[in-house]
Q: 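Handing you this structure, nothing more for now.
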Number of protein chains: 2
Amino acid sequence: MSKRCYRQYCSLARALDLVGERWTLLIIRELLSGPRRYQELLDNLPGIGTNLLATRLRELGGEGIVRKVLLSAPRIRAYELTEMGRALEPAVVELARWGLAVRGQPRPDDHWSAQWSPLALRARFQADKAAGIDAIYEYDVGGHVFHARIRNQSIETRPGTASSPDVRLVTDEETFLDLATESLSVEQAVESGRLCLEGTPEAIRSSLEVFAA
Amino acid sequence: MSKRCYRQYCSLARALDLVGERWTLLIIRELLSGPRRYQELLDNLPGIGTNLLATRLRELGGEGIVRKVLLSAPRIRAYELTEMGRALEPAVVELARWGLAVRGQPRPDDHWSAQWSPLALRARFQADKAAGIDAIYEYDVGGHVFHARIRNQSIETRPGTASSPDVRLVTDEETFLDLATESLSVEQAVESGRLCLEGTPEAIRSSLEVFAA
DNA sequence: CGGAATCCTCTTCGATACTG
DNA sequence: CAGTATCGAAGAGGATTCCG
């Protein structure tokens, strides 16, 4: 009757007992950028099936990884990560970092969302190249705005604008994807007007270098 | 007829397409400690079912994550990680680190193996407490010997003895497990003769502190 | 209308038995 | 010892229906 599990006293096996099932870590990925409503999750997880999403959310709720909340303003129901859920972030980032090397090029019917940009940036972040950098970079990818704070050779990302970013990067979704897949260089993107970079030349250089392939 | 996948251009989703299926990351965990033969994998993964192990190994082989090798001396077949496979280590460690907080106590029929001790140590390793430490610790857990090298606030573990370790820790499997679950303190274990620690008092103190809960 | 539970089909899993 | 074959059980995916 109870959920399938590995029956091993190993912290990896226990972690996988809780979040190792199909779709679970992708749900966590969605919620890592903030509370989301049921329909938003369905939209960004094409193929999941409504029953499975409901089941996963219930399980994650029971395990204390996700909780239901009422967003203020328009009081609508949504799901958000608990502290235990947010603690999965390093693991998610490391998996994504590994995935970078194996992901290849997009396939014709691959889904893609600008909401994944913060995770993509964090996966590409290279701590060793960030020594001595203390800066805030703001990104606007087709209207999805977020910013990253680089400090102590680590990175944090948050939704929304930053108060006084050292660099602002504005582009559309297609260009950002082209940059991510390295089918377009930053120089080409700027020259063709598809990418706008604001900041001192030195700050811009740093902001690109810490994510260099 | 190809394998089930998420059809998302996201490096996390791609990673999970390759290693997100049931048992896969546990197979990787086993192989992270070195080449293993088919039967060894079956023994340490109770419940996996021989067909599923064969299927996973075939898939991982096709993806370039695992390869078959012939061990020298007695020429026996075994499986080992490719470089791409070993690159999963940080992700596995981060998942295990998260699992530490949620794993609870062993359940009656949980399987446990001393071979998981290196991973357990790495999951508990606290980089911030390792500043200034450059040392080698050797562990003998019921005859399973491995050593850890701490340097630059990072840890590496390898099977076998070290040439001149700063600390040697010798214990039996049960005691190591009791220490891991924190149902026994190091002091109690030493007093009762279940744990033997060799090294200078300062080195011993450090060797415990970097893994402190 | 958004948020889920139900139903049904297909795939995967797990256990055992079997083979090179 | 290293797998393959088989089959019942459980899980996944899609459409539809129900609930508020």
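Just so we're on the same page: letters track the sequence lines, and every chain starts at 1.
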Q: Charged N to carboxylate O below 4.0 Å: is that the case for B/Glu59 and B/Arg56?
A: yes
Q: One thing to verify: whether B/Arg37 and B/Asp43 come together as a salt bridge, which I'm taking to mean a side-chain N less than 4.0 angstrom from a carboxylate O.
A: no
Q: Determine yes or no for a side-chain-to-main-chain donor-acceptor pair under 3.5 angstrom, with A/Asp110 supplying the side chain and A/Arg107 the backbone.
A: yes
Q: Does OP1 or OP2 of D/dA9 have a side-chain N or O of A/Arg4 closer than 4.0 Å?
A: no
Q: Can you list, in residue-number order, the parts of residues 11-26 of chain A that come under 4.0 Å of DNA chain D, counting heavy atoms only?
A: A/Arg22, A/Trp23
Q: Decide side-chain contact (heavy atoms from CB on, under 4.5 Å) for A/His144 and A/Gln115; before the verdict, give the C-alpha distance in whole Å, the side-chain angles of both, and the deciding distance to 0.1 Å.
A: CA-CA 7 Å; A/His144 286 90; A/Gln115 298 199 43; 3.9 Å; yes
Q: Checking A/Glu89 side chain against A/Arg86 main chain: does a donor-acceptor pair fall under 3.5 Å?
A: no
Q: Could you give the OH-to-C1' distance, from A/Tyr6 to D/dA10, as a whole number of Å?
A: 14 Å
Q: Within this structure, what is the CD1-to-C1' distance between A/Ile27 and C/dG3, rounded to whole angstrom?
A: 15 Å
Q: In residues 34-56 of chain B, what residues come within less than 4.0 Å of DNA chain D, judged by heavy atoms?
A: B/Arg37, B/Tyr38, B/Gln39, B/Thr50, B/Asn51, B/Ala54
Q: Are B/Arg194 and B/Phe176 in a cation-pi contact, defined as NZ or CZ under 6.0 Å from the six-membered ring centre and within 45° of the axis?
A: no
Q: Is the shortest side-chain N/O distance from B/Tyr79 to OP1 or OP2 of D/dG3 below 4.0 Å?
A: yes
Q: So what does the secondary structure string of DNA chain C come out as, 5' to 3', with Watson-Crick or wobble pairs under 3.5 angstrom, [ ] for crossing and | for pairs with another strand?
A: |||||||||||||||||||.
Q: Whole angstrom is fine here: how far is it from CZ in A/Arg7 over to P in C/dG14?
A: 12 Å
Q: What is the distance, to the nearest angstrom, from the CG atom on A/Leu57 to the C1' atom on C/dG2?
A: 14 Å
Q: Assign the ring pair B/Tyr139 / B/Phe211 to parallel, tilted or perpendicular, where the plane angle (0 to 90°) is split at 30° and 60°.
A: perpendicular
Q: With no hydrogens and no angle check, is any side-chain donor or acceptor of B/Arg124 less than 3.5 Å from a backbone partner on B/Ala180?
A: yes
Q: Under the 3.5 angstrom rule, does the side chain of A/Thr171 hit a backbone N or O of A/Val141 as a donor-acceptor pair?
A: no
Q: Does the ring of A/Phe125 carry A/Arg97 above it, NZ/CZ under 6.0 angstrom from centre and within 45° of its axis?
A: no
Q: Using atom types as modelled and distance alone, determine if a side-chain donor or acceptor of B/Asp172 lies under 3.5 Å from a backbone N or O of B/Gly142.
A: no
Q: Taking atom C1' of C/dG3 as reference, at what distance in whole Å does atom NZ of A/Lys68 sit?
A: 8 Å
